Amino acid sequence: MKAYLQTILKNALDKISPEPVETDIIIEKPRTPEHGDAATNLAMTLAGVLRMPPRKIAEQLIANLEYDSNKIKDVEIAGPGFINFRYADNWIFDQLGEVIKLGSEYGKTTGNAGKKMQVEFVSANPTGPLTVGHGRNAVLGDTIARLLEWTGAEVDREYYFNNAGRQMRVLGESVRARYLQLLGEEAELPEGGYEGAYIADIAETLLEKHGDSLRDSKPEDTVFKQAAEEAIFADIRNTLDRMNIRMNQFFNENSLYEDKSIEKVVSRLREKGLVYDKDGAVWFKTTEFGKEKDTVLIKSTGEPTYRLPDIAYHISKLDRGYDLCIDIFGADHIATYPDVVSALKALGYDTSRIDVQVYQFVTIVKDGQPFKMSTRKANFVTLDELMNEVGSDVTRFFFLMRTPGTHLEFDIAEAKEAGEKNPVFYLQYAHARIHSIMQKAAEEYDMKTAPDLSLLTHESEIALMKQVFQFPDAITLASEHREPHRLITYMNEISGHFHKFYHDCRIMGEDAPIARARIGLLQATQTTLANGLRILGISAPEHM
RNA sequence: GCGCCCGUAGCUCAACCGGAUAGAGCAACUGCCUUCUAAGCAGUAGGUUUCAGGUUCGAGUCCUGACGGGCGUACCA
């Protein structure tokens, strides 16, 4: 419908304008029902270009507007120059029939059909369990991937990690210390070691597996680190699994060293004259790209900084042929990606294929106080703990319901108490209620007969139908902005319209034709709710 | 110091490239279950969108400055 309105408006515009006008035609759903079902501000945006008052332009547009009366019932000028449209009844009923027919496919669009995309997210190094601090990243990345899938794209979910750095070395040494302690030896955690109880657990399984044969091990022996990495990754995968997140690939930073891509990046940049040696280190001329200082790529110790593998990693992504690569980054990475983009651009890559989404940090509030988390010091609330308390639906919903760009306050106590008050239940309850009615109705009415949907004339029925039709637009909007909360806003609205309808209109006890028509509307609504919840990765329960 | 992000009801947050009367939930108050799930519905109250200017037909949204908060600004990741 949106596209249809844009087309007929464009045609009308071509007729009244002496010269072709290039402009985006914006169709919005007005806030208040009195302003119709759809509206455009086209006449107002054109006032400057055409040098005419907006209302005058609107009049001419309408005079030249050719539309199908089976789709549009009414067009009017309102306010300072808005053009408001009202949908024809026939169109509404036809659409509802379509929704019922499409079922679990309803809402899928083709905007990104044929495109291969990748979302990289979580990407926490395996030094400890996933905490609520990782939660926002994990849920945003997965849901954005789902949204893109619904717009037709083929999407890979990738987890990037590094198991070779100093962090991991300290992790291994921490496990070794705990292992020796279990053997009764005097052993201390290394400087900055990991204090969490999970380290001792890993040491214990090593003891069961190897007995005391590792007593004479050296700190640099990798058996401890490997055991830790395996155990922690198993834990992380399990946590992600509980949240309905399944990665397609875990990408090890180390492979970029093994296949020499790191070296190649440096030599390629050097060829371009963007790299030089100074004080034993290798520098990247970021001043060429407007930065105040150049940046070190390889330290004088010979160890690269994280930027270098980051560049090589993004080259790998682009070389793998993705049309679009989305990075989900916390605000702490905000300063790093411009260097990556600069390097890629300098090497001739099309950086429009890279899309960095930065979300703001979550402030954890515990016992009424801001709570600073540290994996090393084992000051954290894990996602598993949170899910044990409130389940994965509430966990996902909580991280999705707010704009990624604003700070989010996460009060542990509040989340745990959420229980019946949680807004996710508002959506799920609507779904469960419909299921319950449908079951009862199936006993009473013949569900096989085709419903006469034109019997749906109640104010609440009309409002609900129109809300159902907004679903594909809501998905498109959320996926284009990479903002899942926009879909949640929509889901809240449709749930509200359903609950109102439920209150105003009955099924059971009504005459068969009207009951049958309402069941059709319920079916479409339930489909929409179920599909929306599926995109959000939240269950659509049949009973509550 | 400099850069990026944020500031909306008592609290947590919406507001679709700048559009019509800034909306929800929680908390408070008032009604609605002998009838399909009251985890619901209807209503009342709550706002100088942090502040001061500017841009224009129109600003919560864009620009400048101030104030407040977060994050960067490493040969840490």
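In this text the structure is predicted, and so the values were computed from the model without any measurement.
- When distances are taken from the side chain of A:R433 to each of B:G40, B:A15, B:C75, the shortest belongs to B:G40.
- A:E292 comes within contact range of the sugar-phosphate backbone alone, with a heavy-atom separation under 4.0 Å but no base atom that close.
- For A:T406, counting side-chain heavy atoms from C-beta on, the closest listed nucleotide (B:A14, B:G19, B:A38) is B:A14.
- With B:A20, B:C36, B:C75 as the choices, the nucleotide that has an atom nearest any side-chain atom of A:K299 turns out to be B:C75.
- The same atom, C1', is picked in B:A28 and in B:G10; the two are 10 Å apart, to the nearest Å.
- Pairing partner, B:A42: B:U30, with both Watson-Crick or wobble hydrogen-bond distances short of 3.5 Å.
- Using N1 to N3 plus N6-O4 or O6-N4 for Watson-Crick, or N1-O2 and O6-N3 for G-U wobble, each under 3.5 Å, B:U37 pairs with nothing.
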N/O contacts under 3.5 Å, protein versus nucleotides 66-70 of chain B?
{"from": "B:G69", "atom 1": "N2", "to": "A:H407", "atom 2": "NE2", "distance (Å)": "2.8"}

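- Taking each heavy atom of A:T131 and A:M373 in turn, the nearest pair found is OG1-CE, 3.5 Å.
- Evaluation of atom-type donor-acceptor distances gives no pair under 3.5 Å for the side chain of A:T301 against the base of B:C75.
- Nearest-nucleotide positions on RNA chain B for A:N125 and A:A78 put A:A78 closer to the 5' end.
- Judged purely by atom type and a 3.5 angstrom limit, A:Q360 has no side-chain atom pairing as donor or acceptor with the backbone of A:L408.
- If you find the closest nucleotide of RNA chain B to A:L408 and to A:M438, the one lying nearer the 5' end belongs to A:L408.
- Take A:H503 and apply the side-chain contact (heavy atoms from CB on, under 4.5 Å) test, not counting sequence neighbours, and it matches no residue.
- Nucleotides B:U48 and B:A38 place their P atoms 38 Å apart, quoted to the nearest Å.
- Using a cutoff of 4.0 Å between basic side-chain nitrogens and carboxylate oxygens, A:E303 and A:R166 are not scored as salt-bridged.
- The side chain of A:A39 lies closest to B:A20, out of B:A20, B:G19, B:A15.
- In this structure, the nucleotide among B:U37, B:A14, B:G40 sitting nearest to the side chain of A:H499 is B:G40.
- Across the strands present, B:A9 finds no partner; the criterion is a Watson-Crick or G-U wobble pair with both atom distances under 3.5 angstrom.
- Under the Watson-Crick or G-U wobble criterion, with both distances below 3.5 Å, B:C71 is paired with B:G3.
- Judged by Watson-Crick or G-U wobble contacts below 3.5 Å, the nucleotide B:C62 has B:G54 as its partner.
- In B:C33 the base sits syn relative to the sugar, since the glycosidic angle is no further than 90° from 0.
- Here the nucleotide nearest the side chain of A:K440, chosen from B:U37, B:C75, B:C4, is B:U37.
- With B:A77, B:G19, B:A20 as the candidates, the nucleotide lying closest to the side chain of A:T45 is B:G19.
- We find that A:R270 and A:D277 are joined by a salt bridge, their nearest charged nitrogen and carboxylate oxygen being less than 4.0 Å apart.
- Pairing each heavy atom of A:T151 with each of A:S479, the nearest pair is CG2-OG, 3.4 Å.
- Nucleotide B:C16 is matched to nothing when pairs are restricted to Watson-Crick or G-U wobble geometry with both distances under 3.5 angstrom.
- Proximity note for A:H543 (side chain, C-beta onward) versus B:U37, B:C75, B:C41: the nearest is B:U37.
- Nucleotide B:G47 forms no Watson-Crick or G-U wobble pair with any nucleotide shown, as no partner meets the under 3.5 Å limit on both distances.
- Base pairing analysis places B:A22 opposite nothing; no Watson-Crick or G-U wobble pair with both distances below 3.5 Å involves it.
- The base of B:A39 lies outside donor-acceptor range of the side chain of A:Y429, with no N or O pair under 3.5 Å.
- Each of B:U37, B:A77, B:C75 was ranked by its minimum atom distance to the side chain of A:M544; first place goes to B:U37.
- For A:K278 and B:C75, the shortest distance from a side-chain N or O to OP1 or OP2 is not below 4.0 Å.
- In terms of polar N and O atoms assigned as donor or acceptor, the side chain of A:D310 never comes within less than 3.5 Å of the base of B:A77 in a complementary pairing.
- Taking only side-chain atoms of A:T305, from C-beta outward, the nucleotide of B:A20, B:C75, B:C36 with the closest atom is B:C75.
- Side-chain N/O atoms of A:K291 include none lying less than 4.0 angstrom from OP1 or OP2 on B:C2.
- Stacking of A:R307 on the aromatic ring of A:F284 is not recorded, the 6.0 Å distance cut-off and the 45° axial limit not both being met.
- Put simply, A:R518 has no side-chain N or O that comes within less than 4.0 Å of OP1 or OP2 on B:C36.
- Applying ring-ring contact (aromatic ring centres under 6.0 Å, His included) to A:Y313 and the options A:F161, A:Y306, A:Y160, A:Y257 leaves one that passes, A:Y160.
- Stacking of the aromatic ring of A:H35 onto the base of B:A20 is found: the ring centres lie under 5.5 Å apart and the planes are inclined by under 30°.
- Aromatic ring orientation, A:F361 versus A:Y359: perpendicular (interplanar angle above 60°, classes split at 30° and 60°).
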